[in-house]
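What follows is a single structure, written as structure tokens, with notes after it.
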Amino acid sequence: MSENRVPIYLDNNATTRTDPSVVQAMLPFFTEQFGNASSTHAFGSEVAVAVRQARRSLRGLLGNAHDHEIVFTSGGTEANNAAILSALATQEDRDEIVTTSVEHSAVLALTEQLATRGVKTHIVPVDSRGRVDIEAFRRALGPRTAIASAMWANNETGTIFPVEFLAGLSREAGALFHTDAVQAIGKVRVNLKDSAIDMLSLSGHKLHGPKGIGALYLRKGTKFRPLICGGSQERGRRGGTENIPGIVGLGKAAELAAEQLEPERIRIGGLRDRLEQGILHNGECVALGDIGNRLANTAHIAFDHLEGEAIAHHLNLAGIAVSLGSACNSGSMQPSHVLRAMDVPACRVRGAVRFSLSRETSFAEVDEVVCAVSDIVARLRATSCVTARELTS
């Protein structure tokens, strides 16, 4: 990459840049306002006020009824684990889990581990567009289901699940319902006060907040057993001294997301469509997922008979950051479990590349990426044709 070239970042489903105003909001809590929120003196009380304000800001983004329904965590993974393990511990005579085949590893790795301990897990399939099989989900629920967990939006394809409807089915079966909303919060409108969702997980670094902070929404009255035991922080639901700078940063990020959500959703969706149409115009590639019902910022494109890893590598050399799917599985050489669950054809599954935009993405960047992808794909196809001729000669 040229030293004078400004890099382009289109891997926002992996993480977002912390908004400068979020950083500014956090800075005083490393220095001047360094007190412990549990302390009764002035240093602690002024910090406790900031925590309450952050909780209130997050509540505004989630649309839930009470401030105390929000439990701050270290991120989405902890929140997911806390929700599922608590449900198994508190639901009498219920010891089964229902989830889907395309969940994040923060859910699937836990359920796989629990299965080795005898916990029965029902894995609900998806179709070729990544949409959950509603009837299979309904059949999986039963009198022993402790919790059903389904993501709000898929981190690889952007496909949005009907979580409100799934939550209603779970409630009818007497089970708790949890959603991993890490990719959805800040991108779709949420109103938990009027939903049947019992628990929801989110992470700050997916909505231009800091890393290392997240939250678990816990509906009032829902039985809960802490994952991390210790002091009385978070009403005894999550022990340990609070990450005050992170909490303040998450609160500020939530405030900004709530203010900008609808206009940015429309703008980013237009950019995503411009990017996608420009790339698809080259032919021999297809957009994956539920095209009519997905996150506005996500385009997952599979290039026929090419290696996505090669495309991403050449884009990286050109100063453009994209990914092959979940950052948590980027070291694996195997095709993504999401694409395998969708039965993406073998000629495409290894050629899938995810482009994920943010409110910082510009039209000029999108047009530059379209040109770069077109050039790289053309060169790779020409090289593969030459290699094929050499092998057959």
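- A distance-only check finds a donor-acceptor pair linking the side chain of Thr16 to the backbone of His208 [under 3.5 Å].
- At least one side-chain heavy atom of Ile244 sits under 4.5 Å from a side-chain heavy atom of Val51.
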Show your working on side chain to side chain donor-acceptor pair (under 3.5 Å) between Asn154 and Thr159 and close with a plain yes or no.
-> CA-CA 5 Å; Asn154 186 262; Thr159 296; over 6 Å; no
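- Without hydrogens or angle criteria, Asn316 side chain to Ala312 main chain gives no donor-acceptor distance under 3.5 Å.
- In terms of the salt bridge (Lys or Arg N to Asp or Glu O under 4.0 Å) criterion, Glu69 has no residue partners (sequence neighbours excluded).
- The nearest pair of heavy atoms linking Val349 to Pro335 is CG2-CB, 3.6 Å.
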Audit row: Glu156, Ser336, side chain to side chain donor-acceptor pair (under 3.5 Å) steps and yes/no = CA-CA 9 Å; Glu156 296 193 25; Ser336 131; 2.7 Å; yes
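- Qualifying ring pair (Phe, Tyr, Trp, His ring centres under 6.0 Å) partners for Phe34, counting only residues two or more places apart in sequence or in other chains: Phe43.
- Ile185 and Val107 fall into different hydrophobic clusters, defined by Ile, Leu, Val, Met, Phe, Trp and Tyr side-chain heavy atoms under 4.5 Å apart, directly or through other members.
- For Arg59 (side chain) and Ala65 (main-chain N/O), a donor-acceptor pair under 3.5 Å exists by modelled atom type.
- Met151 and Leu108 end up in different hydrophobic clusters when Ile, Leu, Val, Met, Phe, Trp and Tyr side chains are linked at under 4.5 Å.
- In this structure, the separation between CG on Asp11 and OH on Tyr9 is 4.5 Å, given to the nearest 0.5 Å.
- Panel note: side chain Glu234, backbone Phe72; a donor-acceptor pair is recorded below 3.5 Å.
- For the residue pair Ser101 / His337, no side-chain donor-acceptor distance below 3.5 Å is found, with atom types taken as modelled.
- For the atom pair CZ (Arg359) and CG (Leu261), the distance works out to 10.0 Å, reported to the nearest 0.5 Å.
- A 4.5 Å side-chain heavy-atom check between Phe161 and Thr179 finds every atom pair outside the cut-off.
- In the hydrophobic cluster analysis, where Ile, Leu, Val, Met, Phe, Trp and Tyr join through side-chain heavy atoms closer than 4.5 angstrom, Val102 is grouped apart from Ile291.
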Checking side-chain contact (heavy atoms from CB on, under 4.5 Å) for the pair Asn297/Ser358: CA distance, chi angles, key distance, verdict?
-> CA-CA 6 Å; Asn297 80 314; Ser358 80; over 6 Å; no
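- A single hydrophobic cluster is seen to contain both Val132 and Phe165, as judged by linkage of ILVMFWY side chains at heavy-atom distances under 4.5 Å, directly or through other members.
- At least one donor-acceptor pair under 3.5 Å links the side chain of Lys187 to the backbone N or O of Gln183.
- In this structure, Arg225 places its CZ atom where only 12 or fewer heavy-atom neighbours from other residues, nucleotides or ligands lie under 6.0 Å away.
- Residues Ser356 and Leu10 form no side-chain contact, since every pair of their non-hydrogen atoms from C-beta on lies 4.5 Å or further apart.
- Smallest separation of non-hydrogen atoms from Ser195 and Glu164: CB-OE1, 2.8 Å.
- Between Ile160 atom CD1 and Trp152 atom CH2 the span is 9.5 Å, to the nearest 0.5 Å.
- Closest heavy-atom contact between Ala253 and Leu207: CB-O, 3.6 Å.
- Considering only heavy atoms from C-beta on, Glu262 comes within 4.5 Å of Arg265 through its side chain.
- Side-chain contact between Leu176 and Thr222 is present, with at least one heavy-atom pair separated by less than 4.5 Å.
- Pro210 approaches Thr18 most closely through the heavy-atom pair CA-OG1, 4.0 Å.
- Going from atom OG of Ser170 over to atom CZ of Arg138 covers 10.5 Å, rounded to the nearest 0.5 Å.
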Which is it for Leu58 and Leu202 under the side-chain contact (heavy atoms from CB on, under 4.5 Å) test, yes or no, and what are the steps along the way?
-> CA-CA 10 Å; Leu58 189 53; Leu202 63 92; 4.0 Å; yes
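- For Arg94 (side chain) and Thr145 (main-chain N/O), a donor-acceptor pair under 3.5 Å exists by modelled atom type.
- Here the CD1 atom belonging to Ile147 is positioned 8.0 Å from the OG atom belonging to Ser86, to the nearest 0.5 angstrom.
- Under the 4.5 Å side-chain heavy-atom criterion for grouping Ile, Leu, Val, Met, Phe, Trp and Tyr, Ile247 is not connected to Val71 through any hydrophobic cluster.
- Within the 4.5 Å cutoff, the side chain of Leu216 has heavy atoms near those of the Met199 side chain.
- The distance from the CG atom of Leu218 to the CG atom of Leu200 is 11.0 Å, given to the nearest 0.5 Å.
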Step-by-step side chain to side chain donor-acceptor pair (under 3.5 Å) determination, Thr361 to Glu365 = CA-CA 7 Å; Thr361 307; Glu365 289 178 325; 4.7 Å; no
Can I get a per-line list of side-chain donor-acceptor pairs under 3.5 Å for residues 121-128, giving both atom names and the distance, sequence neighbours left out?
residue	atom	partner	partner atom	Å
His122	NE2	Glu96	OE1	2.9
Asp127	OD1	Arg129	N	2.9
Asp127	OD1	Gly130	N	3.1
Asp127	OD1	Arg131	N	2.9
Asp127	OD2	Arg131	NE	2.8
Asp127	OD2	Arg131	NH2	2.8

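- In this structure a side-chain-to-backbone donor-acceptor pair under 3.5 Å is missing from Arg274 to Phe363.
- Although no hydrogens or angles enter the test, the distance criterion places a donor-acceptor pair under 3.5 Å between the side chain of Arg219 and the main chain of Ile197.
- With sequence neighbours excluded, the residues forming a ring pair (Phe, Tyr, Trp, His ring centres under 6.0 Å) with His68 are His66, listed by chain and number.
- No side-chain donor-acceptor contact under 3.5 Å links Ser57 to the backbone of Lys252.
- You'll find the side chain of Val369 reaches within 4.5 Å of the side chain of Leu275, heavy atoms only.
- Residues Glu32 and Glu46 share a closest heavy-atom pair of O-OE2, 4.3 Å.
- Between Asp95 and Lys120, no side-chain nitrogen of the basic residue sits less than 4.0 Å from a carboxylate oxygen of the acidic one, so the salt-bridge criterion is not met.
- No side-chain heavy atom of Thr90 sits less than 4.5 Å from a side-chain heavy atom of Phe224.
- Of the possible donor and acceptor atoms, one in the side chain of Asn282 sits under 3.5 Å from a partner among the backbone N and O of Ile279.
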Check against side chain to side chain donor-acceptor pair (under 3.5 Å), Gln24 and Ser21 | CA-CA 5 Å; Gln24 288 302 312; Ser21 60; over 6 Å; no
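- Partners of Arg272 under the salt bridge (Lys or Arg N to Asp or Glu O under 4.0 Å) rule, at least two apart in sequence or in another chain, do not exist in this structure.
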side-chain contact (heavy atoms from CB on, under 4.5 Å) assessment of Asn80 paired with His178 = CA-CA 8 Å; Asn80 286 339; His178 162 260; 3.1 Å; yes
So Leu315 and Phe355, side-chain contact (heavy atoms from CB on, under 4.5 Å) or not? Walk me through it.
-> CA-CA 11 Å; Leu315 284 171; Phe355 304 82; 4.2 Å; yes
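- The list of salt bridge (charged side-chain N to carboxylate O under 4.0 Å, His left out) pairs with a residue in residues 276-286, not counting sequence neighbours, reads Glu276-Arg294, Glu284-Arg381.
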